[in-house]
Amino acid sequence: MSSDPAIASKAKERPGLRIPEHVGVIMDGNGRWAAARGRPRTEGHVAGVRALRRLVQLCIDYGVAHLTVYSFSSENWSRPPEEVQFIFALLRRFVASDLEKLIRNNVRVRIIGSRQGLDPSLIRLIDEVEARTALNTGLRLMVAFNYGGKAELTEATRRIARAVAAGELRPEDITEATITRSLYTAGVPDPDLILRTSGEQRFSNFLLWQGAYSELVFVDDYWPDFDEDTFLRVLEQYSLRERRYGGLEAKAP
Ligand code: IPE
Ligand code: IPE
Ligand code: MG
């Protein structure tokens with residue numbers, strides 16, 4: 001749960017609220033947010049970064065331990081090249097403008113996704129962000145960038161198959177834990193809650209394995225409008241959920 005009870009002070013003010021240990025967010029609706037204002041889609045992505053900053057701060061304030069945000073999917077390559085380039089440039093700008101603050105706020109950053117198709121200078125930047133925040137002990141922020149759940153499972157399958165071919169692993173010894181350990185998210189608990197904004201109700205290839213038992217919450221707001229009110233509404237919904245994992249309803253003792 002929360003790493004530092006003093007920091008998670010905002011959750012203490014709301015005793016009925018259950019705080020998930022790991023939150024996944026599909027930050028959707030940037031383009032429609034911009035279109036509704038007669039602005040180019042790129043402006044929506046810029047506003048989306050501001051919403052991401054708010055989300056990171058809220059997770060710190062409320063004591064969420066792990067946050068995974070979906071910022072570019074392996075399928076988003078099918079968008080016009082100008083938009084793809086803009087999103088890539090935005091990631092660089094975000095790192096340049098926010099890295100020092102993330103370090104100060106004790107945030108540990110990991111970028112999950114395929115390195116394939118990424119510019120070597122971007123890969124160096126990702127490595128630098130991860131290295132410079134590696135010793136931080138507060139919020140663990142995973143940015144899913146060039147990420148696809150199917151691609152992740154395919155890569156993991158290849159790695160496991162190589163170990164079998166090399167005689168290091170017997171097929172009968174492959175367990176769910178073997179697969180979990182082979183994913184980008186190795187060592188991170190599965191998301192308790194997955195939130196998607198903009199009214200769409202699908203995974204779009206986000207955390208397919210890890211989200212098997214996540215509680216799903218969908219809100220109609222476009223991502224750039226995300227704020228503390230939305231965050232609280234989502235946590236309130238999550239707090240009412242009964243997580244059964246295939247078992248039976250918990251009875252009072
Ligand atoms: C989410 O917003 C950000 C990315 C997928 C990069 P969209 O760009 O998908 O915005 P909509 O869904 O078209 O409104
Ligand atoms: C999912 O949103 C990916 C991200 C939020 C980064 P999309 O906008 O790409 O998903 P679809 O196309 O509506 O399924
Ligand atoms: Mg979208």
Side-chain angles (χ1 to χ4, degrees), residues 22-56 58-59 66-95 97-98 109-119 122 125-126 129 141-155 183-185 188 191 193-211 214-227 230-231 234:
H22 182 179
V23 176
V25 181
I26 304 175
M27 309 184 291
D28 198 15
N30 293 351
R32 278 165 286 164
W33 179 89
R37 286 162 178 73
R39 307 300 303 166
R41 293 178 55 83
T42 46
E43 264 183 43
H45 295 313
V46 173
V49 172
R50 290 197 290 271
L52 172 59
R53 286 193 188 105
R54 292 195 288 276
L55 171 67
V56 168
L58 286 164
C59 286
H66 303 265
L67 168 66
T68 304
V69 293
Y70 204 8
S71 62
F72 187 83
S73 78
S74 39
E75 287 71 37
N76 287 146
W77 287 102
S78 62
R79 296 188 178 196
E82 302 77 39
E83 182 169 344
V84 172
Q85 285 316 311
F86 190 88
I87 293 169
F88 275 62
L90 208 53
L91 176 69
R92 287 176 197 267
R93 267 164 58 193
F94 175 70
V95 171
S97 58
D98 286 54
V109 186
R110 199 149 126 190
I111 316 288
I112 60 166
S114 170
R115 301 289 197 248
Q116 254 173 32
L118 301 188
D119 200 83
L122 184 58
L125 188 70
I126 288 173
V129 176
L141 169 63
M142 291 200 289
V143 180
F145 190 86
N146 200 20
Y147 174 89
K150 286 188 175 183
E152 177 182 40
L153 282 163
T154 307
E155 242 183 68
L183 302 175
Y184 301 130
T185 50
V188 178
L193 162 67
I194 292 179
L195 158 68
R196 183 167 188 154
T197 56
S198 88
E200 308 295 350
Q201 303 196 353
R202 54 179 168 266
F203 273 113
S204 298
N205 211 4
F206 184 58
L207 301 182
L208 297 181
W209 173 275
Q210 302 88 333
S214 301
E215 295 298 328
L216 308 178
V217 176
F218 301 102
V219 297
D220 286 336
D221 317 54
Y222 295 139
W223 175 248
D225 289 326
F226 180 85
D227 62 9
T230 319
F231 186 72
V234 170

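First listed ligand is number 1; within each ligand, the first listed atom is number 1. All heavy atoms count here, side chains included; hydrogens, waters and symmetry mates do not. Model, not experiment: these values are computed from the prediction.
S71 O, 3.5 Å is the protein heavy atom nearest to atom 6 (C) of ligand 1. The shortest contact between atom 5 (C) of ligand 2 and any protein heavy atom is with M27 O, 3.5 Å. The protein non-hydrogen atom at the shortest distance from atom 9 (O) of ligand 2 is N76 ND2, 2.9 Å. The protein non-hydrogen atom at the shortest distance from atom 14 (O) of ligand 2 is S204 OG, 2.6 Å. Atom 2 (O) of ligand 2 has R196 NH2, 3.6 Å as its closest protein atom, hydrogens excluded (heavy atom only).
Counting all heavy atoms, side chain and backbone alike, T68 lies closest to H22 at OG1-NE2, 2.7 Å. Of all non-hydrogen atoms in P224 and A47, the two that sit nearest each other are CB-CB, 3.7 Å.
Remark: the Q210 side chain and the E152 side chain contain an N/O donor-acceptor pair separated by less than 3.5 Å.
Distances from ligand 1 to the non-hydrogen atoms of G29 include at least one value under 4.0 Å. For the pair R41 and ligand 1, a heavy-atom separation below 4.0 Å is found.
Taking every heavy atom of I87 and a limit of under 4.0 angstrom, the matching atoms of ligand 1 come to 6 (C). Close approach of ligand 2 to R202 (heavy-atom distance below 4.0 Å) involves ligand atoms 11 (P), 13 (O), 14 (O).
Of all the heavy atoms of A144, none lies under 4.0 Å from any atom of ligand 2, so neither backbone nor side chain is involved. With a 4.0 Å heavy-atom cut-off, ligand 2 is reached by the backbone of F72 but not by any atom from C-beta on.
By the 30° and 60° cut-offs, the orientation of the rings of F88 relative to W77 is tilted. Taking the six-membered ring for Trp and thresholds of 30 and 60 degrees, Y70 and F206 have nearly parallel ring planes, at less than 30 degrees apart.
In D28, the N, O or S atom that comes nearest to the Mg ion (ligand 3) is OD1.
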| field | Worked check of side-chain contact (heavy atoms from CB on, under 4.5 Å) between R37 and E43 | value | CA-CA 10 Å; R37 286 162 178 73; E43 264 183 43; over 6 Å; no
| task | Show your reasoning for whether side-chain contact (heavy atoms from CB on, under 4.5 Å) applies to R115 and I126. | result | CA-CA 10 Å; R115 301 289 197 248; I126 288 173; 3.5 Å; yes
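A donor-acceptor pair under 3.5 Å is absent between the side-chain atoms of T230 and the main chain of F226, judged by distance alone. Although no hydrogens or angles enter the test, the distance criterion places no donor-acceptor pair under 3.5 Å between the side chain of R41 and the main chain of E83.
Counting only heavy atoms, the protein never gets under 4.0 Å from atom 12 (O) of ligand 2.
Of the N or O atoms in R79, one or more lie within a sub-3.5 Å distance of an N or O in ligand 2. Ligand 1 has a nitrogen or oxygen under 3.5 angstrom from a nitrogen or oxygen of G31.
Side-chain atoms of M142 and L207, non-hydrogen and from C-beta on, never get closer than 4.5 Å to each other.
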